2 protein chains.
Amino acid sequence: MKGPRVSSGIRKQQILAAAKRCFQRKGYAQTTIDEIAAEYGMSKGSLYWYYPSKKAVLIDLFRVFVEETLNRILTEIGSIRSARDRIVAIGERLARSLQEDIELFSALIVFWESSFLDESIREMLMDQYRFYGRILTGLLDDGERAGEFAVPDKKIYAALMIAMMEGVIVRQVLNKDLDLEEIRRSVSGVMNRLLPEKERQTGPAGSSHTGKHGS
Amino acid sequence: MKGPRVSSGIRKQQILAAAKRCFQRKGYAQTTIDEIAAEYGMSKGSLYWYYPSKKAVLIDLFRVFVEETLNRILTEIGSIRSARDRIVAIGERLARSLQEDIELFSALIVFWESSFLDESIREMLMDQYRFYGRILTGLLDDGERAGEFAVPDKKIYAALMIAMMEGVIVRQVLNKDLDLEEIRRSVSGVMNRLLPEKERQTGPAGSSHTGKHGS
DNA sequence: CATAACATACTGATCAGTCAGTTTAGTTCA
DNA sequence: TGAACTAAACTGACTGATCAGTATGTTATG
């Protein structure tokens, strides 16, 4: 590369941001490349300089979604000791991310719909599902080993917890009528209730650094 | 009407069934009218005799979805006395319907995606959401009055329960990798756990929670 | 023989992707 | 220093394919 006017990364970011806004407004199929180009203020030819196809934009948008939101959450909660608190924190932070970056989550429904058509997108989604399932199942394992709680069927529980968060996302993306601050607080209570305690704990489940070490 | 070859109702049913299969395979935007016509074995002209537009087919499909699945469930559980059992039964029957008629539920994602584009579809969906929210909130009220359980924030709880079922639908429609029989059983346990008991019951649910918790 | 029910060729609009050309930033060399 | 050169970055008109909806014709039925 001899002389980029701005860095290739910046342009791609701009394109993705524009695409995100367009997809949110009209969905994937209804959004034209020209609209995306207009939205980020350059021409269609420029867009095709950075991305080979409309589908490639969508896929890269999903990649960014995963990297920037979900993996960040998983990193952030890594320092929390108790498995229970970590699980609760995932729900809380997901709700907060949803509040802050609703447009990105809107793209999820686009992915779901596209996955009917495109096998590669479906595979990407399934990989993510399996990944989150493993994460959560692992956390349930940790909590059980540490004696924090016991759940009878960890895999199903993990699936249902993920399902709940996903349902909240759907509802919010379509409607935006829920009070997310309220949801954020409630998710904590619900998650807690879903994890029956083996032994009595002192405080409300958050923040307590009891003697027993986590994972 | 002088002489229908088959009744108009039958034809519409056939068209909707064909559309349902097509939408499931390819999504709404990617499905052509010709494909739907081919799927139900007649021509495009015939389809337009019964429906004025592609969108009208989608909307009627949603109407059937609501009438045939969700309202039926609500009617069926009407005879159950205990509010708790009624709530649990909704979850169980929804899981069973999902198992039996996955194609119909697939159309839900199509509706969600279409609602970005079409305000009337969005309004239809929102009406349904509000309706189910009221139903569930009412059930929580009933249970509380009968002394079966107490939940601190009924509206949010209703929303989260609906969200969970919706998430299960998404997961199953996209992946079909969950054991729905297992889900059906687990949903019962999860729903029970989400309804903290006022008085001691025999079940293994997390009854050790005292009143003040979380939030 | 009237009309409901169905078939099919057509149209106008849309849109993803292409391509030939233009502009700008950086490099070379006198 | 700057003119000549080069390739990256960008433009926008164009194309070929697609498809919803229509127009017009055909067949079956009471």
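Treat the numbers as computed from the prediction; the structure is a model and nothing was measured. Below, chains carry the letters A, B, ... as their sequence lines are ordered, and counting in each starts from 1.
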Sidechain N-carboxylate O distance under 4.0 Å for A:E68, A:R72: no
Whichever of B:Y40 and A:Y28 has its nearest DNA chain C nucleotide further upstream toward 5': B:Y40
Basic-acidic side-chain contact under 4.0 Å: B:E76, B:R93: yes
Proximal nucleotide (of C:dA16, C:dC6, D:dT11) relative to the B:R11 side chain: C:dC6
Strand-adjacent residues in residues 44-55 of chain A, judged by heavy atoms under 4.0 Å from DNA chain C: A:K44, A:Y48, A:S53, A:K54
Rounded distance in Å - CD1 (A:I33) to C1' (D:dA13): 17 Å
Electrostatic pair B:D141:B:K154 at N-O distance under 4.0 angstrom: yes
Atom-to-atom span, CD1 of B:I10 to P of C:dC6 - whole angstrom: 12 Å
A:M42 CE - C:dT22 P separation (whole Å): 18 Å
Length of the CG-P vector between B:D34 and D:dA17, whole Å: 17 Å
Pairing of B:R25 and B:E39 as salt bridge, 4.0 angstrom limit: yes
With sequence neighbours excluded, residues passing side chain to side chain contact (heavy atoms under 4.5 Å, CB included) with A:Y48: A:I33, A:K44
is_close_aromatic(A:F105, A:F65), centroid dist under 6.0 Å: yes
